[in-house]
Amino acid sequence: MARRHSMQGHAASVAGATYTQRGRATTLSPLDDEVEGTATDTAEHRIETITSNPLSGPITVPRRVTIGDTGLSGHPLALGGSTFGWTVDPEAAFAVLDRYAGTGGAIIDTADSFAGGRSESIIGAWMASRGTRDRMVVSTRVGRHPDHRARGRVDLVAAVDDSLRRLDVDRIDLLCFHDDDLEIPLEERLGAVDALIAAGKVRAIGASDFSPERLIEARVLAANGLPRLEALTTKYNLLDRRTFEGAPELVAHAQGLSVLPYFALANGFLGGGVRRRSDARHDARGARQAAHLGRRGHRVLAALDAVAFAHGVQPATIALAWLLAKPTVTAPVVSATRAEQVEALMGAADIELQRSELVELDRASA
């Protein structure tokens, strides 16, 4: 279940800059090697201090959230790898990953189909070059790669083995079914994952866009000894609410699933950079952003602008803070194309939205 984080202060704009948090200055290094951590938990603070390398000293970040009952934990913002190898080249991806890790980030979300597997390869190469594997929670989805649709038991195992190779790891922390295949018995797919868990290749399992009925079926099968779903990835943001709010949200809450919303910024539209069609790039991502232009999209941006101004942050920060205010949301999944974007995204965990602000955002996006 998601937990709210109360920590004041605004994110800096460059790595190695100083964060001010309730009168204290903390320096962030882009490549801090975590050794140990301590946490405080008072009425005003839900923060964690982690020991970093000797040059930068300790850094203070929002306390980690836990994914289901897996014991896996990380900063309440997951870095998505959907753009790595597609619109973001390896060098730029490394810079984004460096900044994310350097500001306390620990959950990386990708899929075997992102850029034909190049996203996984870039993430794997980064972890190997930086020695960060033990600090990162690696979540990947299988089922859409052209070589392995992960439909039957054999193909699912082959898909996982390929992801392990590209990621250059021995174990996937959180493996998610990218799609629900109604033609394949869920019992068969969970049974295959059970064998992968027993072999040490997978730690925990989640699902992407499963229906409420399928989630209930999965829980029944788990009660009979098969692996239990611990997380649900789903499309959810201020502009895409209907697919999750309602029955899926109720079932996720009842089952204690950790919800990791993808497209948390609606393909970047909620960042506020696209206000006219001429602002959108002439590519697939730009077309998706332009699709939100209209009366409702402008109304949502206006509400975000007002709340962001009140907090002295960027609209994207508020859009993510709105998600974090939802009781089922553990960590939104958001992509960054440039390293300098990361702090504004990570800063969402610092924001405590007022009830009136949540109401206004809900009303604008209804």
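Since the structure is predicted, the reported quantities are computational estimates derived from the model, not experimental observations.
- Side-chain contact between L257 and T328 is absent, with no heavy-atom pair separated by less than 4.5 Å.
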Decide side-chain contact (heavy atoms from CB on, under 4.5 Å) for T243 and D209; before the verdict, give the C-alpha distance in whole Å, the side-chain angles of both, and the deciding distance to 0.1 Å. CA-CA 9 Å; T243 56; D209 295 318; over 6 Å; no

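- Nearest approach of G80 to S335, heavy atoms of both residues: O-OG, 3.5 Å.
- Residues V334 and F263 have side chains not in contact (no heavy-atom distance under 4.5 Å, counting atoms from C-beta outward).
- Checked by atom type and distance alone, the side chain of S119 pairs as donor or acceptor with a backbone atom of G81 at under 3.5 Å.
- The shortest distance between side-chain heavy atoms of C176 and I205 does not fall below 4.5 Å.
- In this structure, CG on L250 lies 10.5 Å from CD on E245, to the nearest 0.5 angstrom.
- Looking at I108, L97, D89 one by one, the single match for side-chain contact (heavy atoms from CB on, under 4.5 Å) with F84 turns out to be L97.
- Between P332 and L324 the shortest side-chain heavy-atom distance falls below 4.5 Å.
- In E188, the CD atom is crowded: over 12 heavy atoms of neighbouring residues, nucleotides or ligands sit closer than 6.0 Å.
- Salt-bridge formation is not detected for the pair D305/R299: no Lys NZ or Arg NE/NH1/NH2 atom is positioned less than 4.0 Å from an Asp or Glu carboxylate oxygen.
- More than 12 heavy atoms of other residues, nucleotides or ligands shown are found within 6.0 angstrom of CD on E230.
- Side-chain contact check for E360 versus V307: every heavy-atom pair is 4.5 Å or farther apart.
- Separating the CG atom in L361 from the CG atom in L323 is a distance of 10.5 Å, to the nearest 0.5 Å.
- Remark: the backbone N or O of A92 is not paired with any side-chain donor or acceptor of R338 at under 3.5 angstrom.
- Between T103 and V342, the closest side-chain pair of non-hydrogen atoms falls below 4.5 Å.
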Where do V313 and I318 land on the side-chain contact (heavy atoms from CB on, under 4.5 Å) test, with the steps shown first? CA-CA 8 Å; V313 296; I318 299 301; 3.6 Å; yes

Residue pair T234, V259: steps toward the side-chain contact (heavy atoms from CB on, under 4.5 Å) verdict: CA-CA 7 Å; T234 186; V259 176; 4.0 Å; yes

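- Using a 4.5 Å heavy-atom cutoff, the side chains of D98 and R130 are in contact.
- At a threshold of 4.0 Å, the pair D173-R203 does not count as salt-bridged, since none of the basic side-chain nitrogens sits closer than that to a carboxylate oxygen.
- For S365 and R241, the side-chain atoms include at least one donor-acceptor pair closer than 3.5 Å.
- Remark: D161 does not engage R166 in a salt bridge, criterion side-chain N to carboxylate O under 4.0 Å.
- Transitive grouping of hydrophobic side chains (ILVMFWY, heavy atoms separated by less than 4.5 Å) keeps W86 and I123 in distinct clusters.
- For the pair S208 and Y262, the tightest heavy-atom approach, listed with the atom from each and the gap, is OG-CE2, 4.0 Å.
- Of all heavy-atom pairs spanning E343 and E340, the tightest one is OE1-O, 4.1 Å.
- Looking at D194, its side chain never comes within 3.5 Å of a backbone N or O of L190 through a donor-acceptor pair.
- Taking the charged nitrogens against the carboxylate oxygens, R189 and D155 have no contact shorter than 4.0 Å, which rules out a salt bridge.
- Nearest heavy-atom pair across D168 and A128 is OD2-CB, 3.8 Å.
- Here the side chain of Q314 pairs no donor or acceptor atom with the backbone of A308 at under 3.5 angstrom.
- In this structure, D162 CG and H148 NE2 are separated by 4.0 Å, a value rounded to the nearest 0.5 Å.
- At least one donor-acceptor pair under 3.5 Å links the side chain of E357 to the backbone N or O of Q354.
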Test side-chain contact (heavy atoms from CB on, under 4.5 Å) applied to R228 and D69, step by step: CA-CA 10 Å; R228 170 180 166 175; D69 292 327; 3.6 Å; yes

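- The shortest non-hydrogen separation linking A264 to N237 is O-CB, 3.2 Å.
- The aromatic ring centroids of Y236 and W322 lie less than 6.0 Å from each other.
- Taking 4.0 Å as the cut-off between side-chain N and carboxylate O, D112 and R141 do not count as a salt-bridged pair.
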Take T83 and T337, measure what side chain to side chain donor-acceptor pair (under 3.5 Å) needs, and give me the verdict at the end. CA-CA 7 Å; T83 59; T337 57; over 6 Å; no

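- No continuous path of ILVMFWY side-chain contacts below 4.5 Å connects V154 to L196, so the two sit in separate hydrophobic clusters.
- No donor-acceptor pair under 3.5 Å is formed between the side chain of R135 and the backbone N or O of T132.
- Side-chain atoms of T317 come within 3.5 Å of backbone N or O of A344 as a donor-acceptor pair.
- A heavy-atom distance below 4.5 Å is found between the side chains of H75 and M346.
- Checked by atom type and distance alone, the side chain of S258 pairs as donor or acceptor with a backbone atom of G68 at under 3.5 Å.
- For the atom pair CZ (R133) and CG (D170), the distance works out to 8.5 Å, reported to the nearest 0.5 Å.
- Each of I184 and V142 belongs to its own hydrophobic cluster when Ile, Leu, Val, Met, Phe, Trp and Tyr are linked at side-chain heavy-atom distances under 4.5 angstrom.
- If you take NE2 on H292 and CG on L239, they are separated by 5.5 Å, rounding to the nearest 0.5 Å.
- E120 and S163 are linked by a side-chain donor-acceptor pair at a separation below 3.5 angstrom, with hydrogens and angles left out of the test.
- Each of L175 and F114 belongs to its own hydrophobic cluster when Ile, Leu, Val, Met, Phe, Trp and Tyr are linked at side-chain heavy-atom distances under 4.5 angstrom.
- With rounding to the nearest 0.5 Å, the separation of CD1 in I197 from CZ in R171 is 10.5 Å.
- Between V138 and the options L174, I107, L167, a side-chain contact (heavy atoms from CB on, under 4.5 Å) holds for only L167.
- Residue I216 is grouped with residue L221 when hydrophobic side chains (ILVMFWY) are merged at heavy-atom distances under 4.5 angstrom, including chains of intermediate members.
- Of all heavy-atom pairs spanning H178 and A111, the tightest one is CE1-CB, 3.7 Å.
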